[in-house]
Participant: 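Before we start, here is the structure in question, set down as structure tokens.
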2 protein chains.
Amino acid sequence: MPKMKEQIKTYFNRYVEFDDAEIDAIYEKLEEKTFKKKTFLLEENTICRHNYFILKGVVRLFYIDAKGHEKITQFAIDNWWITHMESFINQIPSSQYLQAVEDTTVLCLSKHNLELLYKEHPKLERMFRLVTENMLIANLRKSDIYLQMKSKERYTFFVEKLPDFAQRVPQYMIASYLEITPEYLSELRRQRN
Amino acid sequence: MPKMKEQIKTYFNRYVEFDDAEIDAIYEKLEEKTFKKKTFLLEENTICRHNYFILKGVVRLFYIDAKGHEKITQFAIDNWWITHMESFINQIPSSQYLQAVEDTTVLCLSKHNLELLYKEHPKLERMFRLVTENMLIANLRKSDIYLQMKSKERYTFFVEKLPDFAQRVPQYMIASYLEITPEYLSELRRQRN
DNA sequence: AGTCATTCTTAAGATATCTTAATTTTTACC
DNA sequence: GGTAAAAATTAAGATATCTTAAGAATGACT
């Protein structure tokens with residue numbers, strides 16, 4: 001079994017037990033792709049056709065605000081799904097960009113194939129229900145916590161809870177994600193030491 | 001068909017088409033309950049056993065922060081589901097409270113019954129996948145938008161987008177939800193007029 | 001209608017965070 | 001290894017928001 005398929009299998013079986021035939025059928029609908037650093041998986045105003053499973057790499061989701069600044073709303077690394085949910089689920093134009101932060105290899109699951117798979121494999125529906133529930137929980141936590149925390153706490157929290165991200169992502173991107181100006185984040189870091 | 005069952009049927013069919021027999025089977029697993037204003041549906045440190053579908057009323061989800069202040073993280077009114085997701089899904093003690101903001105009638109769906117229903121009705125699994133996706137999208141939007149907005153924008157946005165909530169919930173609760181002190185919200189409102 | 005509890009408002013001083021602009025450090029590439 | 005581009009730091013002044021404390025308005029119950 002190719003390494004990629006192993007990786008997907010391990011991931012899937014964390015949620016629901018699939019047998020090899022099922023994994024094969026699902027894997028067949030996935031397309032492997034590599035994106036060089038800084039290339040876009042999705043651009044603003046286009047419909048997000050895929051949900052991406054990151055085999056290796058880092059991807060960010062961001063939009064450009066009224067002042068022309070990039071606002072990062074999500075990061076994803078190895079073994080995470082990333083897409084612009086609203087665009088992907090409803091197949092409407094995206095308000096955000098998906099971009100590789102470093103060279104990144106993904107498995108692409110198209111909306112079309114996903115719907116086909118749901119029909120043939122109810123287990124997959126269960127898996128994505130569980131995955132979506134986990135994403136929801138994570139996001140609820142994020143908004144509960146981040147909205148109430150001061151900048152410094154958000155930064156400390158981020159570095160502690162997501163060290164893998166903190167290491168692989170430049171500081172100004174972390175600042176953007178945490179809604180802190182890079183200048184102020186720099187000052188906070190100085191205070192800490 | 002009783003009014004409650006009609007309401008649930010209408011709601012369910014927005015997502016997936018169920019026939020009357022299926023609605024009956026599901027409805028049977030739901031327990032109707034009324035909570036007087038200010039009573040708790042869930043207290044901190046207890047496991048949230050139910051997902052609540054609000055037939056009529058207003059419920060808030062909140063926790064007590066380090067300074068002893070209530071921090072509201074969610075509101076729900078008629079035709080919304082509310083629960084403490086993390087506690088309900090993983091059946092672990094809740095860090096938050098669920099409380100009726102006004103007299104509220106709900107349908108209680110226990111975790112146990114939900115799992116039973118999933119097994120017998122794959123359509124329900126689909127429905128909750130879709131419901132969960134919508135919740136996720138709404139929450140992603142909330143964190144994208146609220147974290148970047150200034151207090152005044154958050155308030156304006158809230159009042160415009162959720163007028164039903166804004167009318168039925170006291171101002172100091174809105175302030176808590178938007179992470180603004182009631183005093184400052186009061187000042188912002190004055191500026192606006 | 002009267003009273004108590006709840007909710008909302010006002011204002012002054014304190015703190016957190018941003019803005020701008022310039023400087024230094026690090027990284028990427030020829 | 002040298003140079004341009006990208007990223008991080010520093011500092012001063014401006015703004016947003018909080019804290020505290022007090023008072024006013026509203027609502028609930030007898």
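The basis for the numbers below is simple: all heavy atoms, side chains too, and nothing from hydrogens, waters or symmetry mates. Order of the sequence lines fixes the chain letters, A, B, ..., with proteins taken first and strands second; residue numbering starts at 1 for each chain.
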Participant: Answer with yes or no after comparing the ring centroid distance for F165(A) and W80(A) against a 6.0 Å cut-off, counting only values under it.
Facilitator: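 Yes: the rings meet the under 6.0 Å criterion.
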Participant: If only side-chain N and O atoms of R190(B) are considered, is one of them under 4.0 Å from the OP1 or OP2 phosphate oxygen of dA11(C)?
Facilitator: yes
Participant: Calculate the interatomic distance between M173(A) atom CE and dA7(D) atom P; express it in whole Å.
Facilitator: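 Rounded to whole Å, this separation is 7 Å.
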Participant: Using whole Å, report how far CD of E183(A) lies from P of dA22(C).
Facilitator: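 To the nearest whole Å, that distance equals 14 Å.
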Participant: I want to check one thing: is the phosphate of dT9(C), taken as OP1 and OP2, less than 4.0 Å away from some side-chain N or O of R189(B)?
Facilitator: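 It does, given that an N or O in the side chain of R189(B) lies less than 4.0 Å from OP1 or OP2 of dT9(C).
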Participant: What nucleotide among dA21(C), dC18(C), dT19(D) has an atom nearest to a side-chain atom of T181(A)?
Facilitator: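 Of the options given, the side chain of T181(A) lies nearest dC18(C).
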Participant: Does a side-chain N or O from S186(A) land closer than 4.0 Å to OP1 or OP2 of dA8(D), or not?
Facilitator: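 The answer is no; no side-chain N or O of S186(A) sits under 4.0 Å from OP1 or OP2.
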Participant: Distance check needed: dA28(D) P versus D103(B) CG, whole Å only.
Facilitator: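 After rounding, the gap between these two atoms is 12 Å.
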Participant: Heavy-atom nearest nucleotide on DNA chain C for E179(A) versus Y172(B): which residue maps closer to 5'?
Facilitator: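 On the 5' side of the pair lies Y172(B).
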Participant: Could you state the CZ-C1' distance from R154(B) to dA16(D), rounded to the nearest angstrom?
Facilitator: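 So the two atoms are 11 Å apart, to the nearest Å.
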Participant: Could you check how far CD of E187(A) sits from P of dT19(C), rounded to whole Å?
Facilitator: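 Distance check: E187(A) CD to dT19(C) P gives 14 Å.
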Participant: Rounded to the nearest angstrom, tell me the gap between atom CG in D65(A) and atom P in dC18(C).
Facilitator: 13 Å
Participant: Quick one: which of dC18(C), dA7(D), dC18(D) gets closest to the side chain of I180(B)?
Facilitator: dC18(D)
Participant: Mapping K150(A) and Y184(A) onto DNA chain D by nearest heavy atom, which one lands closer to the 5' end?
Facilitator: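 Its nearest nucleotide being more 5', the pick is Y184(A).
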Participant: Output the rounded distance in Å from OH (Y155(A)) to P (dT9(D)).
Facilitator: 8 Å
Participant: Measure from NZ on K38(B) to P on dG27(D) and round the result to the nearest Å.
Facilitator: 14 Å
Participant: Closer than 4.0 Å, any side-chain N/O of Q171(A) to the OP1 or OP2 of dT9(D)?
Facilitator: yes
Participant: Is any side-chain N or O of K152(B) closer than 4.0 Å to OP1 or OP2 of dT17(D)?
Facilitator: no
Participant: Shortest non-hydrogen contact from R168(A) to G57(A)?
Facilitator: NH2-O, 3.4 Å
Participant: Report the residue from F128(A), Y52(A), F88(A) that forms a ring pair (Phe, Tyr, Trp, His ring centres under 6.0 Å) with W81(A).
Facilitator: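 In the set F128(A), Y52(A), F88(A), the residue that makes a ring pair (Phe, Tyr, Trp, His ring centres under 6.0 Å) with W81(A) is F128(A).
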Participant: Classify K37(B) by what it touches in the nucleic acid, base, sugar-phosphate, or nothing, heavy-atom distance under 4.0 Å.
Facilitator: nothing
Participant: CG of D24(B) to NZ of K29(B): how many Å apart, nearest 0.5 Å?
Facilitator: 13.0 Å
Participant: Do I54(B) and I26(B) belong together in a cluster built from hydrophobic side chains that touch within less than 4.5 Å?
Facilitator: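 No, I54(B) and I26(B) fall in different hydrophobic clusters.
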